[in-house]
Amino acid sequence: MEPHSSYTLPYIPPLALPEEMATELRNEMVDLYGKHHVLDNDFILNMAQPSDSYQRRAARNITRDATKFLETHLTPSSAHLETAASKQGKGKKSTESPSSTSTSAWIAHIDEMRDWSLGKPLCLESGIYGPIMAFVSYVALCVQAQRDKAGSTAGIRRLICPADKADYQPDDSDDKTRVCIGLCSMDFDDPAPTASTRTPYHKLLAVIEAWGCSIYSKDAFLQLYEDTRQMYQEQHDLRSAWGITICGHEVRVCHFGNDIAVSSKPMDVTTPKGRRSFIEILVNWSMCEDSQLGRDPTIGYMPDLDCWQIDCPDDTSRGIDTKPRRYYFEDVACRANRLFGRHTRCFLATNIKPTVDSPLVPSVVIKDAWVFAKPSTGEDVRDETKMLKKIRATLGEHIKPEDDIIYPEIVVGGRVSFVLDHARIEDNTKVMYQGSDLADKDPDHFRVHRRIVMSQIGQRLHTLESVDEFITVVCDVMRCHNAIFKYCQILHRDISDNNILVIKQDGIARGLLIDFDCAIDMSIERTEPPRPEMTGTLPFMSINNLSESNVKRTVLDDYESMLYLVCWSATLGIGSSQHHREGKDLEKLPIAEWRKLPIGAIVRAKRDHFGTENSLNTKIAAYFSSAKGSNGANGDPDKNMLTRFVTVLRRMLFDNRGDGVGPEYRGTRKIEVPRVQSSWSVTEDAILSLLENRGALSSACDKPVVINPFEKRVEKCNVIARDLLALITTYWKFAMKRQSNPKPASQGQVETAADDAKGKGDDDGDDDDEDDD
């Protein structure tokens, strides 16, 4: 089995996306297509069939009648059809509106799609748009006719219509991508679309990417990937997504889940079977449940109040049968901006229903995500809800006000459920792919839809105003991290810019550690052996983590992530007083290698950048953003402070020299030490020499001993972590004091703070080793 991998990319200034990141985004789509796409699986066509047996029969009947009428009128000439239409539609006004049942309107659409449906070549690629839109409109008229005939008893929920126009850039697009054809879900009372606006992504049901020839099928999929990514980003209630590619005369339907995109076999619209299949999927989309279209039934827009309502689970012993709590939100703090993965969204909400006279005032944050889990809640050792409840109860007992530690506080949370066919069911990937083997291909990719309500509301890390605020916040987070691990035995494993919130208390910026999706409760005994896994946010992942080694993950990995986070933020620029870099500037620096695949290249870059203090200073710290108007490093106290901070952090992590920590515990690379007459003992001088020179071993050496410093450091984790906590605490006090009374820090003050931290770590001895596990 492949090692489990789950990583994300960090925050990048959004203005960099349209130009500088276009090529990178395209390359990302190519990579995602290779890893996640499943071709030629027609089961997804069944996924759209109405769940109710009566509606399935009705859908088959509409498909049959629409196909029969199309096949009857597709081949004869238009003149003959117009004569027949005039006889059948005598006295009726012809109209192009989807609400019309006029036969002449049907035939007009058939006329427009005739050449394409009969396989005639089209002069221009754009010539395919009109026939496709005519096909979709024809099916909508057939569905509307049945609705007019049978009323609400027809079981028809919506009309599937083409968007206002073809080949356009949606108003809410974050790049220059153009949509070939958009499909909209329309209620029967909705006005017909007009050609005067560009339908935004947040109003689209699906996108059709149409290309002129079948040889471009992969290009069509890649473009559909980008369109669907933006749909996830703009639609707060989207749990899965549909799309269509049409290359020449071949139609493929595509369904996007959290970990795979599945496309059907091609439907050849030049054949009656292919045309019927295309009609069938459009009819099924008109009649199936909202959840089958990928909509979240537990989130709904309230147009009268211009806000959303959302139901949040309250996990108790009764599980999904517990009545959910209702909240209301307008603002979205975090969007699902990735095509695959957890699709994490965060909403600023309140449990008080707003009115026209009482606007919505947020009091909580709701986190919504699809996370890896075990099917049974009792076996789910990585349940974030359970961990947060444990943190709330345990730290509430042990942390005193004078400790001044901010920790996450959960209100309610659990697995999302909704009602389908008069029964409440849990929302998970097995339900999404029910009846197929798609969810069972990799049992480790079982996901549940989880929603958590937190009491604290904060801002993103990049909103900080000064370096003092930044140091306070990151040190706050690591002090919280230490308390959570000490008292709860929960290891976070994803220290990143996305998982830190800034909270203002009496005007002072404080830090809050959030998002325990990747965390693990070390106190739970596991029945299965550990396996290599890679979790976290790409640039901030530790070398050990990136390497997917069997070396035990410890708090040192999270401190290492914090080191990378400080370097990353210092390079981008912190606060209003520093110069800020955009994505194009970052790409020119060595630190950009931390987010460029393949993973092995990132590992090599970090080993090199942090192998020595000189390497850190010349390849990373030298490019820290400087203050506006500063004259070099000596005239920039903030840059000096950050440089000193990361230098000491690196020294404690990789060049540790604490009690009982020998030279074999140092460095970022494995070393080979020669055996002496098959003895395992080696001299300190020999190790130091190898660490410094990395030279080749003598050919006379017997099989060498390979020493992995990351593995050795696990043995002294408590000692090293103790010194790191002392450093963090000292810098935290220093920065907190300067927030209250901001003055430029001199080089002497910075060095004194670092020396004090190291001194405190040395003075503590080994008395606290057992308490700091």
Side-chain angles (χ1 to χ4, degrees), residues 3-9 36 232 236-240 256-260 294 296 298-299 310-315 319-320 324 333-347 365-391 408 410-418 425-433 438-454 490-496 498-499 513-521 524 526 531 533-538 541 545 553:
H4 165 61
S5 299
S6 175
Y7 57 82
T8 55
L9 292 175
H36 298 273
Y232 273 119
H236 311 321
D237 60 342
L238 194 62
R239 41 195 286 282
S240 63
F256 293 86
N258 297 91
D259 299 290
I260 54 175
D296 186 342
T298 65
I299 300 181
I310 180 170
D311 291 336
C312 297
D314 185 2
D315 256 5
I320 63 174
C334 174
R335 297 172 182 266
N337 60 356
R338 313 298 299 177
L339 181 59
F340 297 106
R342 294 181 290 174
H343 293 155
T344 301
R345 300 175 174 94
C346 293
F347 311 116
V365 177
I366 300 175
K367 176 187 173 184
D368 183 272
W370 285 76
V371 296
F372 290 122
K374 296 291 185 182
S376 170
T377 54
E379 298 175 356
D380 191 2
V381 297
R382 297 188 182 180
D383 188 335
E384 185 180 15
T385 307
K386 292 179 182 178
M387 291 187 196
L388 289 170
K389 289 180 177 179
K390 181 178 181 180
I391 291 170
I410 185 174
V411 179
V412 294
R415 298 186 177 191
V416 176
S417 62
F418 60 89
I425 61 172
E426 179 183 284
D427 198 11
N428 57 50
T429 50
K430 203 170 187 68
V431 170
M432 187 182 297
Y433 295 108
L438 292 172
D440 300 324
K441 285 191 173 183
D442 186 352
D444 292 315
H445 278 183
F446 174 80
R447 290 182 186 263
V448 297
H449 189 184
R450 182 179 295 147
R451 195 169 286 157
I452 296 172
V453 182
M454 306 293 293
I490 293 174
L491 186 62
H492 189 274
R493 307 198 311 165
D494 190 13
I495 304 297
S496 70
N498 291 323
N499 295 337
L513 181 61
I514 61 169
D515 195 348
F516 285 74
D517 275 347
C518 296
I520 190 167
D521 191 335
I524 298 177
R526 281 158 181 76
R531 58 192 175 88
E533 81 179 328
M534 182 174 60
T535 58
T537 306
L538 208 53
M541 292 164 63
N545 183 9
R553 295 274 293 278

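Please read all numbers here as calculations on a predicted model, not as lab measurements.
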Residues passing the side chain to side chain donor-acceptor pair (under 3.5 Å) test with Asp237, sequence neighbours excluded, are none
Report yes if some heavy atom in the side chain of Val365 is under 4.5 Å from a heavy atom in the side chain of Ile452; otherwise report no. no
Glu384 side chain to Phe516 main-chain N or O, any donor-acceptor pair under 3.5 Å? yes
In chain order, what residues pass the salt bridge (Lys or Arg N to Asp or Glu O under 4.0 Å) check against Asp311, with sequence neighbours excluded? Arg326
Could you give the distance from OG (Ser240) to NE2 (His343), rounded to the nearest 0.5 Å? 9.5 Å
Backbone N or O of Trp370 within a donor-acceptor pair of the Arg447 side chain at under 3.5 Å? yes
CZ of Arg382 to SG of Cys518, rounded to nearest 0.5 Å, is 8.5 Å
With rounding to the nearest 0.5 Å, note down the distance linking CD in Glu426 to CG in Asn428. 5.0 Å
Could you point out which residue of Asp296, Val412, Thr385 forms a side-chain contact (heavy atoms from CB on, under 4.5 Å) with Arg451? Asp296
Heavy atoms only: give me the nearest Ile391-Pro408 pair and the separation to one decimal. CG2-O, 4.1 Å
So Lys374 and Val381, side chain to side chain contact (heavy atoms under 4.5 Å, CB included) or not? Walk me through it. CA-CA 8 Å; Lys374 296 291 185 182; Val381 297; over 6 Å; no
Residues passing the salt bridge (Lys or Arg N to Asp or Glu O under 4.0 Å) test with Asp515, sequence neighbours excluded, are Arg342, Lys367
Between Arg415 and Asp380, does at least one N-O distance fall below 4.0 Å, as a salt bridge requires? yes
Can you measure from SG (Cys312) to CZ (Phe347) and round to the nearest 0.5 angstrom? 9.0 Å
For residues Ile514 and His492, report the shortest heavy-atom separation together with the two atoms involved. O-NE2, 2.9 Å
Asn545 vs Arg553, side chain to side chain donor-acceptor pair (under 3.5 Å): CA-CA, chis, key distance, verdict: CA-CA 8 Å; Asn545 183 9; Arg553 295 274 293 278; 3.2 Å; yes
Identify the heavy atoms of Ile490 and Ala519 that sit nearest to each other, and give their distance. CG2-CB, 4.0 Å
For Pro313 versus Gly414, what's the shortest heavy-atom pair and its separation? CG-O, 3.3 Å
Nearest 0.5 Å please: distance from the CG atom of Asn499 over to the CG atom of Asp494. 4.5 Å
Stepwise side chain to side chain donor-acceptor pair (under 3.5 Å) test for His449 and Asp368: CA-CA 7 Å; His449 189 184; Asp368 183 272; 2.8 Å; yes
With sequence neighbours left out, the residues meeting salt bridge (Lys or Arg N to Asp or Glu O under 4.0 Å) with Asp427 are Arg239
Sorted by chain and residue number, the side-chain contact (heavy atoms from CB on, under 4.5 Å) partners of His36 (sequence neighbours excluded) come out as Leu32, Phe340
Find out whether Met454 and Leu388 are in side-chain contact, i.e. whether some heavy atom of one side chain is under 4.5 Å from a heavy atom of the other. yes
Any residue meeting side chain to side chain donor-acceptor pair (under 3.5 Å) with Lys390, in chain and number order, not counting sequence neighbours: Asp521, Ser523
Without swapping roles, check the side chain of His236 against the backbone of Tyr232 for a donor-acceptor pair under 3.5 Å. no
What's the verdict on side chain to side chain contact (heavy atoms under 4.5 Å, CB included) for Phe372 and Thr429, showing C-alpha distance, side-chain angles and the deciding distance? CA-CA 10 Å; Phe372 290 122; Thr429 50; over 6 Å; no
Under the side chain to side chain contact (heavy atoms under 4.5 Å, CB included) criterion, do Phe446 and Val371 qualify, and how do the steps go? CA-CA 8 Å; Phe446 174 80; Val371 296; over 6 Å; no
To the nearest 0.5 Å, how far apart are CZ in Arg335 and OG1 in Thr344? 14.5 Å
Between Lys430 and Val448, is there a donor-acceptor pair closer than 3.5 Å when you use the side chain of the first and the backbone of the second? no
